[in-house]
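The structure under discussion appears below in the form of structure tokens.
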Amino acid sequence: MAAPIRHKTRIRHKLTPLTSTVAAWRLLRIPQKGSEYGPHSIAKEIRAVITAAQPSSPVLCTVKDAVVLLRLSRSTIYELMAAGELPFIKLGRARRIKRADIDAFVAQLPPQSV
């Protein structure tokens, strides 16, 4: 009795990120050599568009944003809000903290002596 025929396994291709230079010129179908724009200049243009599209720091921050900015835990942020040390705005069920209030909170913290 003959052994069963096995099919070739599928090869999984990894996707290259959009900001890589090779992916950029392949995606835009611009020749790599002999062109006015090379892959490096296209990558610079793509990065400029991506960074220009990113908004500046938000005026109202979520609790998650405050956690990232202050490097404190979520429960500590809620404790500071409940104690009145970190002012917040409640819109429906959502709580938002003004970026200026976060900056003022950091400014009023006492310096730590070692």
| query | Measuring from R74:CZ to E79:CD, what's the distance to the nearest 0.5 Å? | reply | 11.5 Å
| Are any of the side-chain heavy atoms of K98 and I102 separated by less than 4.5 Å? | no
| task | Verify the cluster assignment for L69 and M81: are they in a single hydrophobic cluster under the rule of side-chain heavy atoms below 4.5 Å apart? | result | yes
| K64: side-chain contact (heavy atoms from CB on, under 4.5 Å) partners, not counting sequence neighbours | T62
| Check against side chain to side chain contact (heavy atoms under 4.5 Å, CB included), V59 and R96 | CA-CA 9 Å; V59 177; R96 298 291 182 257; over 6 Å; no
| note | The side-chain contact (heavy atoms from CB on, under 4.5 Å) partners of S73 (sequence neighbours excluded) come to S75, T76
| task | With rounding to the nearest 0.5 Å, note down the distance linking CD1 in I89 to CG in D101. | result | 7.5 Å
| request: Grab the two heavy atoms, one from V67 and one from L72, that are nearest each other, plus how far apart they are. | output: CG1-O, 3.1 Å
| query | In Å, rounded to the nearest 0.5 Å, how long is the span from CD1 of I97 to CZ of R95? | reply | 10.0 Å
| task | Would you please name every residue forming a side-chain contact (heavy atoms from CB on, under 4.5 Å) with E85, sequence neighbours left out? | result | L80, A83, F105
| Among the clusters formed by ILVMFWY side chains lying less than 4.5 Å apart, do F88 and V106 turn up in the same one? | yes
